[in-house]
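Report on the following structure.
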Amino acid sequence: MKKPAMLLALTTVAAFGSAQAVTVTLACGSVGQELQLCKDGAARWAKKTGNTVKVFESPNLTNDRLGLYQQQLAAKSSDIDVYQLDVVWPGLLSQHFVDLKGKIPAAEVNANFKGIIAADTVNGKLVAMPWFTDAGLLYYRTDLMKKYGYSAAPKTWAELAAMASKIQAGEQKTNKAFAGYVFQGKNYEGLTCDALEWVASFGGGAIVDDAGKITINNPRAAAALNAAASWVGTVSPKGVTTYDEEPARGIFQSGNAAFMRNWPYAWALGQGEDSKVKGNIGVAPLPAGPGGSPAATLGGWQLGVSMYSKNQAASIELVRYLTGPAEQKIRAIEGAYNPTISALYQDKDILKANPFFGSLLSVFTNAVARPSGPTKGKYNQVSQAFSTAVSDVLNKKMTGTAAVAQLSTDLARIKGRGW
Ligand code: GLC
């Protein structure tokens with residue numbers, strides 16, 4: 001973990017003389033504007049209800065958050081009432097969360113995308129309510145595209161590399177720090193997301209298929225990893241193998257990259273007053289591999305109530321409020337956090353703030369899931385084995401072919417007699 005997590009007292013709102021007012025602790029993420037928007041939403045609920053919310057600042061990396069939360073939950077700690085859960089976690093953590101089915105009205109649950117509700121439902125239990133969804137996107141500099149004579153975003157990874165190379169060569173004449181393409185190359189969950197996009201877009205499958213069969217050992221997957229390795233030290237800085245979301249965004253937003261892979265949140269910040277590239281950002285689907293089609297990894301976050309919470313009723317109300325349409329709308333407009341409530345994709349204010357929510361709707365609705373469903377409680381081990389293999393290829397320690405063969409053996413060992 002990068003920094004010690006801190007408990008921050010948020011708003012202390014007078015309890016209107018009610019004996020029932022309680023204090024609820026909410027664990028929020030802290031990537032980009034995440035923490036601030038979480039605090040704002042919590043404060044609105046506190047004001048409305050007379051309760052108090054303390055916001056627990058979670059680490060940036062999803063892996064670090066998981067480690068910390070698993071410790072809390074294993075100890076049956078009541079310190080955190082409401083947790084922000086990654087879309088790949090319900091299978092890992094379901095036993096620690098209150099079943100929200102029947103506790104949040106079915107109509108409100110069903111207003112969300114079906115696939116996300118399915119991901120949040122484990123053995124019939126609704127582990128958490130969707131809060132925002134994510135999908136990998138290609139960001140590009142519209143001004144530089146024009147300057148170098150390109151009229152459209154790249155459709156294939158080969159086109160992306162060629163365009164990134166030309167723009168980088170030109171820009172580096174006056175700016176040595178300029179990079180063609182930045183992405184998440186560090187060995188962590190984010191690399192699993194990026195690399196699944198490469199592999200799936202080359203037609204190489206999704207590591208493990210829906211039936212639980214290990215599919216990663218195939219030539220298209222190997223070719224996808226080799227293509228990504230060829231970018232490192234050419235169109236992408238060598239340091240890309242240490243980047244997570246925020247370093248990549250920092251480089252792009254300060255005007256030092258032509259292309260970037262990132263999640264939707266980078267849009268709102270890139271269009272912010274202090275962004276060097278404000279007004280010059282385009283968003284497109286990620287490119288495809290030879291003979292494949294574009295793929296975006298499904299990400300996103302949910303809110304769930306701990307079984308060990310001493311304030312379950314109030315915690316459920318907080319989750320219901322934060323995941324409801326009014327909050328999802330505010331977060332979409334202020335932070336480009338994609339709603340999980342399908343009707344909000346017709347909301348004019350949301351589409352005005354984020355035009356690509358409409359034009360790229362199919363990217364969000366067709367995003368490729370990581371294999372957390374079929375691999376259940378072993379997903380984290382699967383993901384770590386995958387990102388480590390990919391990292392070895394990016395760092396030129398192994399070829400794509402050797403890495404997918406080795407990974408397949410490792411995954412078979414993790415699977416054992418079954419997931
Ligand atoms: C984003 C996604 C999440 C993913 C993470 C990886 O936060 O929403 O699902 O696991 O990035 O870094």
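Just follow the structure's listing: the first ligand is 1, and inside any ligand the first atom is 1. In this text, all values refer to a predicted model and were calculated from it rather than measured experimentally.
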- Query: Applying a strict 4.0 Å limit to heavy atoms, is Q184 in contact with ligand 1?
  - Reply: no
- Query: Would one find an N or O of R370, backbone or side chain, under 3.5 Å from an N or O of ligand 1?
  - Reply: yes
- Message: Out of D134, T133, V87, D194, who is nearest to atom 8 (O) of ligand 1 when you count heavy atoms only?
- Response: D134
- Would you call the rings of W301 and W89 parallel, tilted or perpendicular, where under 30° means parallel and over 60° means perpendicular? perpendicular
- Which of the numbered atoms in ligand 1 are below 4.0 angstrom from a heavy atom of E189? 10 (O)
- Message: With a 4.0 Å cut-off on N to O distance, would you call D86 and R65 a salt bridge?
- Response: no
- Query: Does the N or O separation between G300 and ligand 1 drop below 3.5 Å for any pair?
  - Reply: yes
- Task: Considering heavy atoms of the protein only, find what lies nearest to atom 3 (C) of ligand 1 and give residue, atom and distance to 0.1 Å.
- Result: D86 OD1, 3.3 Å
- Between E317 and T49, do the side chains contain an N or O donor and an N or O acceptor separated by less than 3.5 Å? no
- Query: Identify the closest protein heavy atom to atom 12 (O) of ligand 1: which residue and atom is it, and at what distance?
  - Reply: E245 OE2, 2.6 Å
- Considering the heavy atoms of W301, write down every atom of ligand 1 situated less than 4.0 Å from one of them. 1 (C), 2 (C), 3 (C), 7 (O), 8 (O)
- Query: Closest non-hydrogen protein atom to atom 11 (O) of ligand 1, residue and atom name please, with distance?
  - Reply: W263 NE1, 3.1 Å
- Look at ligand 1 and say whether F132 reaches it with a heavy atom at a distance under 4.0 Å. no
- Run through Q302, Q328, E34 and flag the one making a side-chain contact (heavy atoms from CB on, under 4.5 Å) with F132. E34
- Run the numbers for me: atoms of ligand 1, each under 4.0 Å from some heavy atom of G299, listed by number. 2 (C), 8 (O), 9 (O)
- What atoms of ligand 1 come within less than 4.0 Å of a heavy atom belonging to G190? 6 (C), 12 (O)
- What is the distance from atom CZ of R261 to atom CD of Q184, rounded to the nearest 0.5 Å? 5.0 Å
- Using distance alone, with no hydrogens and no angle criterion, decide if E189 and Q384 have a side-chain donor and acceptor under 3.5 Å apart. no
- Side chains of S306 and D81: is there a donor and an acceptor less than 3.5 Å apart? no
- Query: Looking at CD1 of I214 and CG of L407, how far apart are the two atoms once the value is rounded to the nearest 0.5 Å?
  - Reply: 8.5 Å
